[in-house]
Asker: 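Once you've had a glance at the structure underneath, I'll fire off some questions.
Remember, it's a predicted structure, so these values are computed and weren't measured experimentally. Naming: A, B, ... by sequence-line order, numbering from 1 per chain. Computed from heavy atoms alone, side chains included, the values below leave out hydrogens, waters and symmetry copies.
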2 protein chains.
Amino acid sequence: MITPPLKTIFYSIEKTIKEYRRYSQDNISKHISDITLDQVLVLIMIDSNSKLNQKEVANILYKDHASITRMIELLVKKGYVKRKINREDRRRFDLQASEKGITALKKLKPVILNNRSNALKNITQEEIDIVNKILLKITNNCSKNN
Amino acid sequence: MITPPLKTIFYSIEKTIKEYRRYSQDNISKHISDITLDQVLVLIMIDSNSKLNQKEVANILYKDHASITRMIELLVKKGYVKRKINREDRRRFDLQASEKGITALKKLKPVILNNRSNALKNITQEEIDIVNKILLKITNNCSKNN
DNA sequence: CAAATATAATTGATATATCATATAAATAAA
DNA sequence: TTTATTTATATGATATATCAATTATATTTG
């Protein structure tokens, strides 16, 4: 008999992140309807450091480079991000939040912060540290053993 | 200044589940190359209880019904699952692992169990309980406040 | 310098997530 | 019993995840 996934910690982890994403996306959509949580995170990164290229954004957000390419493509198409070829290295792009992007961030940063703090209500920093520590162990077990 | 997602617990959670999925998928693929982790979980559920219909599988695995429809479609197409219309309720399907599905499960169940225990190496049951408890709090915070 | 190699980003294919809508069958209500 | 509502599944659209392969440019090396 195999343990139903229902009872494993992996199930809890997936369920938690899904609920957080849904909750977070709902609140974002109340303010701006054509942007996703992931796109907001990309936009925040771009706006916080104009030196970042796509590869670095991908590494920071722990996303696949292909996904970042497509997210930025959508952000550019919707006018939240401006993209110019880098002068020193023509393989790279210089990324910059547009006026529209900056305006969106003004609205959305508090929403994100609020999502996070609501999601963590009644959870102590110590508890968060414990969870982080144990999750890191799992991560390491999976990457080492592969 | 908004906290970089890098430092939030949500980032840890996403990173952990991604690493576990990648690790798990790699080991599955070593044995059977045309099946995904999610499909294996669906197959396990179907095989463990022949009474389950798609809606129930979706609820157990905490997946969207649309996703389950498509996963089962693929499992049927690849010959791992047999699907027949239920006699009492013609909206439902009776789901059953085929011979091929059963053979696959014989190989894959130990792989799944091994993945789980490797991923949790050097983590105590008490630690797992703590993580589960805190993750549940987050889940509840997100569903209540929405 | 020319050839080989490495890097940044893109593209393609396939699977899954999510949400909205549709369809068909079952059940409840008028 | 006809109509309305609910339920199980499917379908469509769009976004993201993942992996492989490609393209263009940079860098290294012979």
Asker: Which heavy atom of B/Asn59 sits nearest to which heavy atom of A/Tyr11, and what is that distance?
Answerer: O-OH, 4.5 Å

Asker: Search all heavy atoms of B/Val42 against all heavy atoms of B/Leu61 and return the closest pair with its distance.
Answerer: CG2-CD1, 3.6 Å

Asker: In whole Å, what is the span from the CZ atom of B/Arg87 to the C1' atom of C/dA25?
Answerer: 17 Å

Asker: Grab the NZ-P distance between A/Lys18 and C/dC19 for me, whole Å please.
Answerer: 11 Å

Asker: Looking at the side chain of A/Phe93, which of C/dA9, D/dT25, C/dA17 is the nearest nucleotide?
Answerer: C/dA9

Asker: Of the listed nucleotides (C/dA8, D/dT9, C/dT16), which one gets closest to any side-chain atom of A/Asn53?
Answerer: C/dA8

Asker: Distance check needed: C/dA8 C1' versus A/Lys84 NZ, whole Å only.
Answerer: 19 Å

Asker: For B/Ile85 and B/Phe93, which heavy atoms make the closest approach, and how far apart are they?
Answerer: CG1-CE2, 3.8 Å

Asker: Would you name the heavy atoms of A/Thr36 and A/Gln25 that are closest together and state the gap between them?
Answerer: CA-OE1, 3.3 Å

Asker: Would you tell me if any nitrogen or oxygen in the side chain of A/Gln39 comes within less than 4.0 Å of OP1 or OP2 on D/dT16?
Answerer: yes

Asker: Starting at CD1 of B/Ile68 and ending at P of D/dT7, how long is that distance when rounded to a whole Å?
Answerer: 20 Å

Asker: Ignoring hydrogens and geometry beyond distance, is a side-chain donor-acceptor pair present between B/Asn27 and B/Lys30 at under 3.5 Å?
Answerer: yes

Asker: Provide the closest heavy-atom pair for B/Ile32 versus B/Tyr80 in the form atom of the first, atom of the second, distance.
Answerer: CG2-OH, 3.3 Å

Asker: Taking side chain as C-beta onward, heavy atoms only, is A/Ile123 less than 4.5 Å from B/Asn141?
Answerer: yes

Asker: Take the protein atom CE of A/Met71 and the nucleotide atom C1' of D/dT18, then report the distance between them rounded to whole Å.
Answerer: 12 Å

Asker: Report the residue (A/Arg21 or A/Arg83) whose heavy-atom-nearest nucleotide on DNA chain C is the more 5′ of the two.
Answerer: A/Arg83

Asker: So for atom CD, which belongs to B/Gln125, do other residues, nucleotides or ligands contribute more than 12 heavy atoms lying within a distance under 6.0 Å?
Answerer: yes

Asker: Whole Å only: how far is the CG atom of A/Asp26 from the C1' atom of C/dA17?
Answerer: 14 Å

Asker: Between the protein and nucleotides 11-14 of chain C, list every N/O to N/O distance that falls short of 3.5 Å.
Answerer:
residue : atom : partner : partner atom : Å
C/dG12  : N7   : A/Arg70 : NH2          : 2.5
C/dG12  : O6   : A/Arg70 : NH1          : 3.3
C/dG12  : O6   : A/Arg70 : NH2          : 3.2
C/dA13  : N6   : A/Arg70 : NH1          : 3.4

Asker: Under 4.0 Å between a side-chain N or O of A/Gln54 and OP1 or OP2 of C/dT10?
Answerer: yes

Asker: With a 4.0 Å cut-off on heavy atoms, is B/Glu88 in touch with a base, just the backbone sugar-phosphate, or nothing at all?
Answerer: sugar-phosphate

Asker: Students often get this wrong, so: under 4.0 angstrom with heavy atoms, is B/Thr36 touching a base, only sugar-phosphate, or nothing?
Answerer: sugar-phosphate

Asker: May I ask you to verify if any side-chain N or O of B/Lys63 is less than 4.0 angstrom from the OP1 or OP2 atom of C/dA17?
Answerer: yes

Asker: When the distance from CG of B/Asn59 to C1' of D/dT7 is rounded to whole Å, what number comes out?
Answerer: 12 Å

Asker: Can you tell me which nucleotide in D/dT9, D/dT16, D/dT25 comes closest to the side chain of A/Arg90?
Answerer: D/dT25

Asker: Ignoring the backbone of B/Asp89, work out which of C/dA25, D/dT18, C/dT18 is nearest its side chain.
Answerer: C/dA25

Asker: Which residue, A/Glu14 or A/Glu56, contacts DNA chain C at a nucleotide closer to its 5' end, judged by nearest heavy atom?
Answerer: A/Glu56

Asker: Nearest to the A/Arg91 side chain among D/dT9, D/dC19, C/dA8, which nucleotide is it?
Answerer: C/dA8

Asker: Could you work out how much the helix from C/dC1-D/dG30 to C/dA30-D/dT1 bends, comparing the axis of its first five pairs with that of its last five, to 10°?
Answerer: 0°

Asker: Are B/Leu74 and B/Val40 in one and the same hydrophobic cluster, where Ile, Leu, Val, Met, Phe, Trp and Tyr link if side-chain heavy atoms are under 4.5 Å apart?
Answerer: no

Asker: Strictly by modelled atom types, are A/Tyr62 and B/Glu19 linked by a side-chain donor-acceptor pair under 3.5 Å?
Answerer: yes

Asker: Could you state the CZ-C1' distance from B/Arg92 to D/dT6, rounded to the nearest angstrom?
Answerer: 13 Å

